[in-house]
Amino acid sequence: MEKKTLFINGIQRTVIVDPETTLANLIRKQQGLTGTKVGCGKAECGACSVILNGKVVRSCVTKMKRVADESEIITIEGVGTQEDLHPLQLAWMVNGAAQCGFCTPGFIVSSKALLEENINPTREEVRAWFQKHRNVCRCTGYIPLVDAVMDAAKLMRGEIKKEDLWFQLKEGASIMGSNMVRPSALAKVTGTWDFGADLGLKLPENTLHIKLVQAQVSHANIISVDTTEAEKMEGVFKVITAKDVPGTNRINGLAFPTNLGDGLERPILNDKKIFQFGDAIAMVLADTPEQAEAAAAKVVVEIEELLPYMSAPAAMAEDAIEIHPGTPNIYFTTNIVKGDDPAPLLEKLPNVIEDDFYVGRQPHLPLEPDVGFAYFDEDDNLMVHSKSIALHFHQLMTAEAIGVDPTKYFIVQNPTGGTFGYKFSPTIEGLLGVAALVTKRPVYLEFNMFQQITYTGKRSPFFMNVKIGADENGILQAMETDWSCDHGPYCEFGDLVTTRGSQFIGAGYNIPNIRGEGRTVATNHAWGSAFRGYGSPQSLFASETLVDMLADQMGEDPLEFRYKNVYRKGDTTPNGCEPDVIALPQAIDKIRPLYQDAKAKAEALNAEGGDIKHGVGISLNIYGCGLDGPDSAEMWIELTPEGVTVGDSWEDHGQGADMGTLTFAHETLKPLGIKPEQIKLVMNNMKLTPNSGPAGGSRSNVLVGNAIKVGCENLLAAMKKADGTFRTYDEMVAEGLPLRYDGVWTAPCTAPSVETSQGNPFPVYMYGVLLSEVSVDTTNGKTHVDKLTLVSDCGTITNKLVLEGQLWGGLTQGIGLALSEDFEDLKKHTSLTGCGIPQIKDVPDEIVLIHQETPRPLGPFGAAGAGEMPLSAPHASICNAIFNACGVRIKHLPAYPEKVLEGLEALK
Ligand code: MCN
Ligand code: FES
Ligand code: FES
């Protein structure tokens with residue numbers, strides 16, 4: 001141990017510290033300053049940035065022995081407080097720069113150091129600074145972060161005042177569509193928004209720390225698990241294996257009735273077999289994480305290794321054994337039957353094209369690794385706190401597996417540092433529940449980034465073959481599709497994601513005659529979980545590339561070819577239903593002049609010669625809002641002396657559920673003249689809040705928004721007097737009228753059958769048209785995205801800051817999907833950088849958003865969703881731009897430089 005004097009946020013502190021521990025540990029664990037976050041723990045993300053003697057350092061890798069005596073350290077807590085915000089914190093709020101907020105303290109601290117060096121930076125200098133200091137954000141696309149620094153610098157130079165920046169709500173005005181700052185922003189920018197690991201450090205002293213014994217191979221029989229040595233280790237309270245699980249130890253994957261599996265193949269702790277790398281085989285519970293870790297290394301697992309099937313084709317091979325004995329590897333099939341058989345038509349049509357496409361196992365890469373804790377509350381309820389974005393689903397899926405009475409088991413969502421869909425699946429809820437149930441003590445489990453990446457679900461790869469045909473006028477007439485979805489070893493929602501192939505291959509166009517078949521395949525690679533876009537990025541990559549190829553084959557302009565074929569009145573979607581609104585022709589009209597300018601610019605640059613080739617590409621971006629069919633959401637509202645309290649389970653990944661709830665309540669309650677600050681939110685605690693459904697499928701703005709509207713209208717109806725005025729709280733009480741009202745809304749939809757896929761799955765769709773401008777270096781095959789322009793139609797805008805954040809962030813993940821992101825190689829793809837997360841240099845500073853607001857008949861106040869549309873097809877647009885630049889067609893993602901080079905070679 002070393003004794004040091006440190007000046008932390010200006011206050012002299014004496015610390016006794018292990019020289020080998022990190023500065024992050026000292027700050028967070030010894031000083032209790034949890035505003036500094038630890039994401040990657042490996043100097044790759046900048047979440048842990050602090051200022052050490054005037055320089056930005058990543059505290060997760062700064063050993064205390066390198067921190068000199070009398071050092072000065074500034075953490076987010078020293079930048080500003082809730083009462084006295086630093087200009088950067090204010091600018092972060094008004095620019096909507098904190099979505100999940102996990103990267104926020106690191107970025108703000110880093111920016112503070114920048115502005116101390118250079119009070120008048122250019123945008124390029126800000127971007128270079130973030131690149132140099134490795135500040136990474138997964139939510140925002142970086143644009144609002146740079147905007148925030150520029151605003152803060154102006155404030156600090158005295159060119160503007162705080163009042164100029166701060167959103168002012170005029171008396172009686174609507175907050176719908178405004179730039180009002182989300183309620184959680186203040187805590188996020190000041191480092192007081194406690195994520196799971198922050199709360200973990202504040203749990204009671206008797207909390208047990210869990211470490212897992214995980215599979216090191218992808219497929220094996222488990223012969224034995226010996227915990228004898230581990231149990232003798234210092235501090236160990238218990239080692240739990242499958243035999244100790246009180247329940248069935250089988251998570252319920254909620255399989256479709258036609259699924260050949262029972263949906264019960266996923267254990268909480270693996271007993272008979274290992275199905276994928278990282279499977280949890282045992283849990284060690286000890287007084288400290290270090291003790292648990294040391295003991296976990298002593299658990300001996302004897303296995304018989306089996307041949308792993310690491311892709312759908314491998315698992316579909318004739319000689320492949322059943323991964324789950326008794327269930328075929330192809331365990332679910334779905335078909336699409338629309339109009340006449342396209343086969344004879346495709347024989348005759350003058351313009352036909354067919355090809356194979358692949359979209360891979362995109363990793364979610366939230367900066368916050370999975371984390372949670374569990375305990376029994378004062379009423380003896382099992383309480384599990386996690387990053388769940390599907391509270392009620394997860395309780396249903398894990399109660400029996402854990403062995404707990406579902407009426408005594410509740411899940412609470414912790415402030416969450418992004419999920420992008422991976423938390424649509426339960427991850428550690430079962431482990432935490434079992435650990436608390438077996439030990440009757442509070443238990444805590446956190447993953448490191450390696451575990452986050454290797455253990456949690458991934459986007460399900462689709463292997464697709466698509467054939468389309470158009471008549472002599474270039475009007476699409478027929479399509480044949482075939483797709484295989486690699487869903488990893490666990491089936492949960494694998495059937496559902498496979499149905500997206502029938503809903504979104506060819507979406508956006510009126511194609512009267514379609515036949516196709518899709519199947520879900522069990523493999524030994526990472527299990528498939530929801531990922532933003534959920535099947536549409538796979539499906540649309542195939543059709544948005546193929547449409548481009550057909551236009552090229554016919555010598556037509558790809559934008560005009562699309563314009564001729566997009567949905568118009570009377571047209572139908574691949575599911576055979578009318579689109580909710582006609583929005584695409586208008587969106588194309590808006591992008592056309594910009595597209596023509598971009599094309600002219602690229603042609604002019606290419607005419608100059610050189611190795612860098614420029615190109616432009618287009619894609620339609622489409623996704624539905626809702627879970628298929630009569631999806632439903634609930635909420636409640638209560639009149640209080642101060643205003644109202646609104647309760648819902650609109651889970652927040654970081655997208656802005658708090659702002660959505662506040663906006664819909666405020667808008668509906670406008671007749672009462674209530675102010676936003678009179679609306680109290682109670683969210684995402686199953687014990688208090690009803691089933692609003694998961695925050696997936698871009699459903700919440702529509703589904704929960706409608707439920708909030710209904711609940712608020714019920715309250716208004718009860719408050720209304722005969723003369724049209726409203727009763728006060730006191731009058732309601734005096735008349736003995738109930739103060740609390742429920743709001744329920746169900747989508748008037750029908751889930752398509754698996755035989756034909758015909759039906760009306762979604763009440764509302766989101767639409768976009770994306771123009772990508774890229775440059776390709778033909779010497780090394782590297783693509784750079786230079787500019788993106790999106791015409792987006794998400795219906796009436798609920799909150800502009802939130803919506804724009806969703807669009808920038810989603811598009812940026814599309815750049816990753818197009819060019820760099822993958823989880824395939826279990827040796828290489830195990831860190832944020834290894835998985836190809838876009839850093840600021842990979843994302844253009846110009847991502848232009850053009851809003852079209854076609855009101856949706858079934859959307860609350862006309863709103864659609866927003867979360868997934870921007871990631872539904874940007875990769876197709878970018879790859880179409882690569883073709884336009886250099887003639888190379890990318891059909892298998894990502895478009896790594898070597899693939900582009902290979903294509904260039906082939907062209908020669
Ligand atoms: N919104 C709006 N105006 C509209 C439509 C939507 O302001 N016309 C706002 C909504 O109020 C909400 C947000 O946009 O705050 C997204 O709305 P919606 O599309 O309904 O999606 P959900 O609230 O159901 O959120 C889930 C969605 C999905 S499925 C994933 S995955 C996702 C996403 O949103 N993961 C995210 N956005 C994310 N954003 C962040 N920062 N982190 C994630 O993990
Ligand atoms: Fe330290 Fe990522 S750089 S946590
Ligand atoms: Fe940057 Fe979520 S706001 S990672």
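Just so you know, ligand 1 is whichever comes first in the structure, and atom 1 is the first atom listed for that ligand. Side chains included, hydrogens not; waters and symmetry mates left out as well; all remaining heavy atoms used.
- An N or O contact shorter than 3.5 Å is missing between Cys100 and ligand 1 by distance.
- For atom 9 (C) of ligand 1, the nearest non-hydrogen atom of the protein is Val802 CG1, 3.6 Å.
- If you check which protein heavy atom lies closest to atom 7 (O) of ligand 1, you get Asn799 N, 3.1 Å.
- Counting heavy atoms only, Gln655 comes closest to atom 38 (C) of ligand 1 of the residues Met176, Gln655, Arg182.
- Among the backbone and side-chain atoms of Cys48, no N/O/S atom is found under 2.8 Å from atom 2 (Fe) of ligand 2.
- Of the heavy atoms in Gln99, only side-chain atoms (C-beta onward) come closer than 4.0 Å to ligand 1.
- Of all non-hydrogen atoms in Gly696 and Glu868, the two that sit nearest each other are C-OE1, 4.4 Å.
- Draw a line from atom 1 (Fe) of ligand 3 to SG of Cys137 and another to SG of Cys103, and the angle between them is 110° (to 10°).
- Counting protein heavy atoms only, atom 15 (O) of ligand 1 is closest to Gly656 O, 3.0 Å.
- Taking the six-membered ring wherever Trp is involved, the centroid distance between the rings of Tyr623 and Tyr765 does not fall below 6.0 Å.
- For the pair Glu368 and Lys37, the salt-bridge criterion is not met [side-chain N within less than 4.0 Å of a carboxylate O].
- Nearest protein heavy-atom neighbour of atom 21 (O) of ligand 1: Ser698 CA, 3.7 Å.
- Salt bridge status for Glu77 with Arg28: absent, with no side-chain N to carboxylate O gap under 4.0 Å.
- Counting heavy atoms from C-beta outward, His851 and Ser792 have side chains that approach closer than 4.5 Å.
- Nearest residue to atom 33 (C) of ligand 1 from His653, Gln806, Met869 is Gln806 (criterion: closest heavy atom).
- Proximity of Arg699 to ligand 1, defined as any heavy-atom pair under 4.0 Å, is confined to the backbone N, CA, C and O atoms.
- For Arg134, no heavy-atom contact with ligand 2 is shorter than 4.0 Å.
- The closest side-chain heavy-atom distance from Cys749 to Phe762 is not below 4.5 Å.
- With respect to atom 20 (O) of ligand 1, the closest heavy atom belonging to the protein is Asn701 N, 2.8 Å.
- Atom 3 (S) of ligand 2 has Gly46 N, 3.1 Å as its closest protein atom, hydrogens excluded (heavy atom only).
- Only backbone heavy atoms of Ala864 (N, CA, C or O) come within less than 4.0 Å of ligand 1; its side chain stays farther off.
- When hydrogens are left out, the protein atom nearest atom 27 (C) of ligand 1 is Gly867 CA, 4.1 Å; that is the closest non-hydrogen contact.
- Nearest residue to atom 8 (N) of ligand 1 from Cys794, Gly177, Gly421 is Cys794 (criterion: closest heavy atom).
- Using cut-offs of 30° and 60° for the angle between ring planes, the Trp92 and Phe107 rings count as tilted.
- The N/O atoms of Met766, backbone and side chain alike, include none that comes under 3.5 Å of an N/O atom in ligand 1.
- Every atom of ligand 1 with a heavy atom of Gly865 under 4.0 Å away is listed here by number and element: 5 (C), 6 (C), 19 (O), 20 (O).
- Scanning Phe424, Phe664, Phe420 for the heavy atom closest to atom 36 (C) of ligand 1 points to Phe420.
- Shown here is Lys670, whose NZ atom has more than 12 heavy atoms of other residues, nucleotides or ligands within 6.0 Å.
- Nearest protein heavy-atom neighbour of atom 24 (O) of ligand 1: Ser700 OG, 2.6 Å.
- Between Arg856 and Asp793, at least one side-chain N (NZ, or NE/NH1/NH2) sits under 4.0 Å from a carboxylate O, which counts as a salt bridge.
- Proximity of the aromatic rings of Phe447 and Tyr455 is defined here by a centroid distance below 6.0 angstrom, and this criterion is met.
- Note that Lys458 lies in the cation-pi zone of Phe823, set by a 6.0 Å cut-off to the ring centre and a 45° limit from the axis.
- Checked for salt-bridge contact, Arg134 and Glu44 miss the test: no charged N lies under 4.0 Å from a carboxylate O.
- Taking atom 4 (S) of ligand 3 as the reference point, the nearest protein heavy-atom neighbour is Arg138 N, 3.4 Å.
- Taking the six-membered ring where the residue is Trp, the centroids of Tyr142 and Phe130 are separated by 6.0 Å or more.
- The side-chain tip of Lys709 points at the ring of Phe861 from less than 6.0 angstrom away and within 45° of straight on.
- Contact annotation for Thr140 and ligand 1: no heavy atom of the residue comes within less than 4.0 Å of the ligand.
- Between Phe531 and Phe420, the gap from one ring centroid to the other reaches at least 6.0 Å.
- Under a 4.0 Å heavy-atom criterion, Trp650 is in contact with ligand 1.
- In summary, of the residues considered (Val189, Leu145, Val109), a side chain to side chain contact (heavy atoms under 4.5 Å, CB included) with Thr104 occurs for Val189 alone.
- For atom 3 (N) of ligand 1, the closest non-hydrogen atom on the protein side is Thr798 N, 3.0 Å.
- Two residues are said to be in side-chain contact when any heavy atoms from C-beta on lie closer than 4.5 Å; Asn621 and Leu540 fail this criterion.
- Counting the atoms of ligand 1 from 1 in the order shown, those under 4.0 Å from a heavy atom of Ala695 are 24 (O), 26 (C), 29 (S).
- Not a single N or O atom of Gly697, backbone or side chain, sits closer than 3.5 Å to an N or O atom of ligand 1.
- Of all the heavy atoms of Cys40, the ones lying under 4.0 Å from any atom of ligand 2 are found in both the backbone and the side chain.
- One of the N, O or S atoms belonging to Cys45 lies under 2.8 Å away from atom 2 (Fe) of ligand 2.
- Per-residue contacts place Thr796 under 4.0 angstrom from the following atoms of ligand 1 (heavy atoms of the residue considered): 4 (C), 8 (N).
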